[in-house]
Structure formats: C-alpha cells, structure tokens
Amino acid sequence: MSDHSPAPHLPSSTGEGEGYLTRLNPEQRTAIETTDGPLLVLAGAGTGKTRVLTTRFAHILLTERAKPWQILAVTFTNKAAREMRERVSVILGEAVEGLWLGTFHALCARMLRRHAEYAGLTQSFTILDTDDQMRLLKQVMEPWQLDTKRWPAPGLMGVIQRWKDRGLTPARVTDADDTDFANGHARAIYTAYQTRLRDLNACDFGDLMLHVTEILRTRPDVLEQYHRLFRYILVDEYQDTNTVQYLWLRLLAKRSGTQSNICCVGDDDQSIYSWRGAEVENILRFEKDFPGAQIVRLERNYRSTQHILGAAAGLIAHNGERLGKTLRSGKDDASGEKVRVTGVWDSDTEARAVCDAAESFRAKGASLAEMAILVRAGFQTRAFEERLVQTGLPYRIVGGVRFYERAEIRDALAYMRILHQPADDLAFERIINVPKRGVGPAGLQKLHAAARARQVPLAAGTQALVAEGGLKGKMGAEITKLMDTLSSTRDILAREGHVVALEFLLEESGYLDMWRNDRSVEAPGRLENLKELTRALADFGTLGEFLEHVALVMEHDENAGDAKLSLMTLHGAKGLEFDIVFLPGWEEGVFPSQRTLDEGGLKGLEEERRLAYVGITRAKKHALIYHADRRRIYANWQPSMPSRFLDELPEEHVVRKNNGGTQPRGLNLSESVFDNGPLTSRRRQDPLAASATLPNFQLGDQVRHPRFGVGVIIGADRHQLEVVFESGATKRLLSSFIEKV
C-alpha cells in the first residue's frame with residue numbers, strides 16, 4: 001500500500017509567513033486548531049469556508065501531525081479540488097505532491113484501480129460515458145421486449161443510478177426498494193446490466209463509489225489498510241452528500257478503539273440538491289454518527305449587508321430541521337439598504353421592472369457583471385431574455401442555454417415551422433424521428449430520394465410515399481400517423497388558431513408523452529418550458545408573427561467583451577455572489593414550487609425555503625424580490641398568491657412596495673381575449689384593424705430599436721409597426737422590439 005510519492009520537504013516558515021493564523025477570526029481559528037477528534041464546521045454563506053478548509057489542511061502539515069498522503073481531502077468539483085491544492089501550496093510556500101485530494105468519484109476511481117479484482121474487474125477497467133451506458137442498457141433490455149415508449153431506457157437508467165446513489169447493489173435492492181418501472185423488471189435488468197459491465201471489464205460513473213463502498217463493507221483487510229493510511233479526513237460541502245457518499249466516508253472515518261479525525265465543513269441551511277440524491281439528514285446526524293463531536297459555527301459573513309443577512313436569517317429560522325446558526329455581518333459598512341419587495345401587475349410587468357431597475361443601477365455606475373437575475377425554474381428566463389434583448393442590455397445565461405436554444409424548445413419550434421411552412425426540409429428532418437419513429441439514416445435517405453424524384457419538398461415527398469403505400473412496417477405506420485397528425489393540425493390551425501394547434505400537435509405527435517415518460521430529473525423542467533412556449537405563443541396574432549419574433553430574439557448578438565448581467569436558476573447560483581441580485585417570481589406554486597410541495601411535503605417546503613435563503617445571501621449590497629398579481633398558465637391568465645416566504649421576512653429588514661392591482665398603460669382588458677374564456681377553445685381574435693395604431697404607440701411617435709436605432713412610426717398593422725429610421729431605412733418590426741424615445 002504505497003501509492004504515494006516520497007515526502008516533500010515541508011518548509012519551516014510558510015509562504016504566507018508565520019502569521020497565517022492571525023488573519024482569522026476566533027471561530028475560524030478554532031475550526032483550524034481543533035485537529036483531533038470529529039469536528040463539524042457549520043459554515044454559513046460568505047463566512048470563509050474555503051479559507052478554513054485549506055488553512056486547516058496546511059496547518060496539519062505544518063504542525064507535522066500527518067504526512068501529505070495521510071490526509072484524505074474530499075470535494076464535490078474538480079475546480080474546488082484545484083483551488084484547495086493551490087491555496088495549500090501558497091500557505092506552505094511550495095507545491096505538495098502525493099495528496100489524496102479530489103472529488104468523491106476521482107478518489108474512488110483511484111481506490112478501485114488498486115482493488116479492482118474484488119469487484120470482478122481488472123485494473124485496466126473502462127469507465128463508460130453516458131452514450132455508451134445508454135447503448136449498453138438498451139442491449140440488455142432487449143430480452144424483456146419492453147414497450148420503450150412507456151418504459152424508455154433513460155428512465156430505467158435513472159432508476160438504476162438512484163439505486164447506486166443509495167449504495168444498493170442488485171443483491172441489496174429489497175422489495176421495499178423496488179419499483180414497478182419496466183413492468184416490474186427493473187431489478188432483474190439492473191442485475192443483467194451489472195453482469196454485462198463486468199463481462200466488458202467496465203463500470204459506469206455510479207459504479208466508482210458503489211464498488212469501492214461494497215469492497216470496504218465486505219473486505220475488512222482492505223478497510224484496515226485505509227484506516228492505517230488516513231490519519232485525517234477533510235470533507236467539503238458535507239450537506240450535499242448522498243447516501244453512498246455518506247456510507248463511504250463513515251466506513252473510512254469510524255474505527256474501533258481510535259477516535260475519528262474527520263472534519264466536515266458544510267451548511268445545513270444550503271442543502272438544496274435532494275433532487276439529485278443529496279440527503280440533508282447526513283449533516284443533521286453528524287453528532288449521532290460521531291459521539292463527542294465538536295461543532296464550530298462560522299456566523300460572521302464578509303459578503304452581505306446586515307439587512308440582507310437579517311432578512312435571510314429571519315426566513316430560514318422557520319425551518320425545523322436545522323442545527324441552527326445566525327449570520328451577522330463581519331463588514332465595517334454593515335448597514336446598507338433594506339431588502340426591497342415589489343408587487344407588480346403581471347409577469348410581463350415584472351420583466352420590465354427588473355430590467356428597468358438594472359438599467360437604473362447601471363446609470364448610477366454599477367456594472368452589469370455585478371448583477372444577476374435568479375429564477376426558481378428555467379421557464380421563467382424567457383420573459384427576461386426577451387426584455388433584455390429589447391432594451392439592449394447585454395446578458396449571459398449561466399449554467400444553461402438560452403430559452404429558445406433549449407432542445408425541447410427547438411423541437412417544438414421545428415413542429416411549428418413545418419406547420420407554417422411545409423417546404424421547410426430542415427424542420428421536417430428534425431421532427432421526423434422525435435419522438436422515435438424508427439427512422440434511421442437509411443429511412444431518411446429513402447424519404448429524400450422520394451422527394452428528389454418528385455422534385456418536391458421532403459414533407460411532400462414523404463406524404464406521396466405514404467399515399468402510395470411505399471412505407472412498410474413500424475416506420476411506415478409511425479410516419480403515416482405523423483402525416484395524418486400534421487394534416488389534422490393544419491385544419492385546427494385554420495379553424496381554432498395557433499395556440500390550440502400547437503397543443504394538439506405536441507400531444508398527438510407523442511412529443512409530450514416522450515417527456516412525461518422520461519424519468520430523468522430534467523424532464524419536468526422541459527415540460528414546464530413547453531408550457532411557457534405555449535404561453536409566449538398566445539401573445540401573437542399569428543404563427544408567422546411568433547416565428548419571426550423568435551428569429552429576431554435568436555439573432556441577439558453577444559459581444560464577448562461587454563460586461564453582462566447574469567441570468568440563471570437559484571440552484572445554479574449557489575457559491576456565487578453579486579452586488580445586486582434580482583429575485584422574481586416569489587408566488588405560491590412558482591416559489592415554493594408546487595411540484596416540490598406535492599412530491600416532498602414539509603421536507604420539500606423546507607428545501608424550498610433553503611433555496612430562498614441561498615438566493616438572498618447571493619447579494620452583497622442590494623437584494624430585490626418581485627411577485628406578480630397574475631401569471632399566464634398556458635394561454636390563460638391566472639391570479640397569483642404572494643409566496644408564503646414573503647410573510648416570513650422580518651419587517652425591520654424589508655421595505656415593501658406594491659404596484660400590483662393597477663394595469664399598465666396601454667393595456668385594454670376589454671380587448672383582451674384572455675378575459676372572455678379559455679383561449680385554448682377558440683381562435684385568437686386580432687385586437688386591431690389593419691389601419692389602427694397599437695396600444696402605447698401612435699403614428700408619428702419617435703421610437704428606438706436595439707439594432708436599427710432611432711426612427712419614427714409611419715404605419716401599423718396588428719402587432720407590427722412600420723418605422724422609418726434615421727439611416728433612411730424603412731422596416732416593418734414587431735412592436736415588442738420597439739420602445740418610445
């Protein structure tokens with residue numbers, strides 16, 4: 001057991017000088033100098049967690065309590081591991097080699113290479129990527145002859161990975177752990193899948209931890225080797241550990257007759273990843289797992305003002321399952337502005353209010369790079385993206401892609417494009433096998449050949465083949481059904497309008513069922529995005545107008561050199577900080593999420609509250625919360641209730657302003673189809689005659705377009721304006737891209 005390099009020379013003085021402990025506050029110093037025995041460091045947001053973890057690592061080396069290879073340091077990301085390595089080297093004054101420092105999976109891969117034979121593998125085993133995993137699982141599933149539309153392979157893979165995250169090998173999956181997925185055959189397929197992996201001398205990502213944990217469970221001799229090797233264990237972000245990670249750590253840390261020198265750093269108030277297996281209970285039961293453990297609370301926040309911290313602390317105090325701590329500001333200028341809570345008329349007004357506030361902050365000297373809009377769900381970004389494009393504010397999507405670039409939205413747009421323009425071959429190619437209809441490269445080539453022979457577009461050539469009976473088998477039946485659905489949808493489009501048509505097309509084509517049957521964690525969000533797309537479609541008089549609007553939004557040019565406002569989900573914002581944070585959508589059903597409440601009950605509510613706490617504590621100087629009186633679900637306006645979290649914010653730290661209840665200028669509700677019954681049941685009425693002006697605009701108004709500059713309105717037609725610009729060019733543009741000067 002000698003998988004390490006020779007001991008490096010440890011300098012007698014550190015790279016940061018002898019005073020590396022003097023720059024710490026008392027709580028941080030206690031966390032570093034309490035080296036023996038189990039220790040839990042509850043590190044609140046902005047309290048210097050990374051400094052404590054890295055300084056503790058260096059302190060153990062400098063005081064010669066352990067050699068570099070005798071410390072096991074575990075992180076969740078490669079970035080965090082690199083940062084820890086670099087910071088330790090700075091304190092020590094030189095690089096240190098031979099460290100057991102890395103992510104859970106990287107460390108387990110290293111262990112598994114050494115003990116592969118106990119998992120039925122050799123040291124040269126292959127780690128399969130996602131595509132190879134899925135290909136292998138589909139092969140394994142074949143003998144069961146499952147209906148893959150009802151039981152898709154990605155859904156079954158999700159079931160298997162959840163078992164692995166819980167440390168369950170096939171033999172450990174009990175009847176209570178089993179599922180009726182795959183017609184009750186999931187456990188048997190899991191067994192066959194693992195057998196096939198061993199036959200290939202391969203493992204998937206989940207196996208890295210599962211195999212090592214099982215080896216440590218069943219091979220006391222191997223476990224004893226690691227007990228002798230590791231004198232200290234350091235764990236970052238302990239609140240985000242799942243079951244198998246918890247089991248692995250506990251096996252390595254607990255040893256008979258000797259105290260456990262394990263230090264876990266985390267924050268129970270920031271445990272927000274249960275949807276990917278994280279168990280907040282792991283950190284809550286630390287004292288039970290390690291009797292006599294000390295707890296050090298880091299409560300001095302060096303990021304935010306006292307009002308922001310007070311609002312966050314008052315909110316999170318409503319959670320029952322927590323160890324408890326109260327953040328206080330460690331900054332000299334601790335007061336700052338109160339958290340602003342603003343009620344607005346509707347979701348569109350909310351997008352305008354947020355972007356106007358961002359523009360106002362920028363006019364006062366704030367950088368867009370120090371601003372962020374944090375939303376609860378991905379579908380909320382659409383309204384903000386469109387408004388940001390209209391106002392010309394540079395922005396970036398963090399941790400995702402722009403709304404109209406998401407795969408499910410591009411698929412739905414392709415369905416719309418072929419509906420609007422049957423000659424759009426690219427759109428038809430995209431939808432022909434989404435969902436799966438058995439159309440492979442050879443099948444697509446046959447369709448192209450038929451179109452070329454008749455000198456017609458691809459869709460027309462396919463329709464001709466269907467009419468002639470030239471397509472046989474499953475592919476023929478599926479394509480025939482698709483062409484019939486497209487034909488029926490065009491009738492609905494002419495009779496009932498584009499919103500009803502899109503809903504019918506996505507339903508009858510099987511596209512919505514494809515995502516409903518997908519058991520991945522992303523699937524519910526994709527369905528929400530499709531609902532939001534339908535909501536956006538209702539804003540336009542025709543399908544053509546909407547597709548033109550999307551093309552203009554997609555054309556939005558991003559200059560890499562510009563400072564950009566960040567737009568992201570609250571989950572994606574954890575670990576980040578900004579001077580100014582906008583928190584829209586604080587309404588019941590949106591935040592807290594109704595789906596989370598339905599699935600998780602009180603436990604789900606507490607996680608939603610932790611997510612709200614994370615959102616508020618991202619702000620350093622200004623936190624602005626918004627809620628709308630109504631939002632549009634599908635095509636219909638529905639009243640919204642303010643989030644219960646708003647009532648939980650302490651009044652002494654909050655200033656409230658309600659602009660709701662007053663409709664925006666230019667909106668004539670008597671002309672709105674949304675107040676006359678469900679839009680989904682009939683055709684959208686054009687609110688304006690061809691010669692009428694649009695709400696908020698008059699002939700002769702001076703306006704600005706983000707791309708073409710300043711111009712004057714010379715005509716109007718439904719949602720479009722005809723504008724002559726200072727350059728002399730005359731353009732017909734959607735009114736949503738125009739603003740009065």
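Annotation: the span from Thr241 atom OG1 to Ile283 atom CD1 amounts to 8.0 Å, rounded to 0.5 Å.
A cation-pi contact, defined as under 6.0 Å to the ring centre and within 45° of the axis, is absent between Arg618 and Phe578. Both cation-pi conditions hold for Arg113 and Phe125: the charged atom is under 6.0 angstrom from the six-membered ring centre and inside a 45 degree cone around its axis. Seen from the ring of Tyr246, Arg285 counts as a face-on cation partner, given the 6.0 Å and 45° thresholds.
Residue pairs satisfying the salt bridge (charged side-chain N to carboxylate O under 4.0 Å, His left out) criterion with at least one member in residues 261-274, sequence neighbours excluded, are listed as follows: Asp267-Lys325, Asp268-Lys325, Asp269-Arg322, Asp269-Lys325. Screening residues 300-309 for salt bridge (charged side-chain N to carboxylate O under 4.0 Å, His left out) gives Glu27-Arg300, Arg303-Glu577 as the qualifying pairs, with residues at least two apart or on separate chains.
Residues meeting the side-chain contact (heavy atoms from CB on, under 4.5 Å) test with Ser271, sequence neighbours left out: Gln239, Val280, Arg610. Under the rule for a side-chain contact (heavy atoms from CB on, under 4.5 Å), the partners of Ile295 that lie at least two apart in sequence or sit in another chain are Leu40, Leu42, Glu287, Arg297. Here Phe290 pairs with Phe286 under the ring-ring contact (aromatic ring centres under 6.0 Å, His included) rule; sequence neighbours left out. Asp129 meets the side-chain contact (heavy atoms from CB on, under 4.5 Å) test with Asp131, Asp132; sequence neighbours excluded.
Between Leu208 and the options Ile127, Leu107, Thr103, a side-chain contact (heavy atoms from CB on, under 4.5 Å) holds for only Ile127.
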Practice task
Check the pair Arg82, Glu86 against salt bridge (charged side-chain N to carboxylate O under 4.0 Å, His left out), reporting the backbone distance first and the verdict last.
Solution key: CA-CA 6 Å; Arg82 286 194 301 271; Glu86 291 167 0; 5.5 Å; no
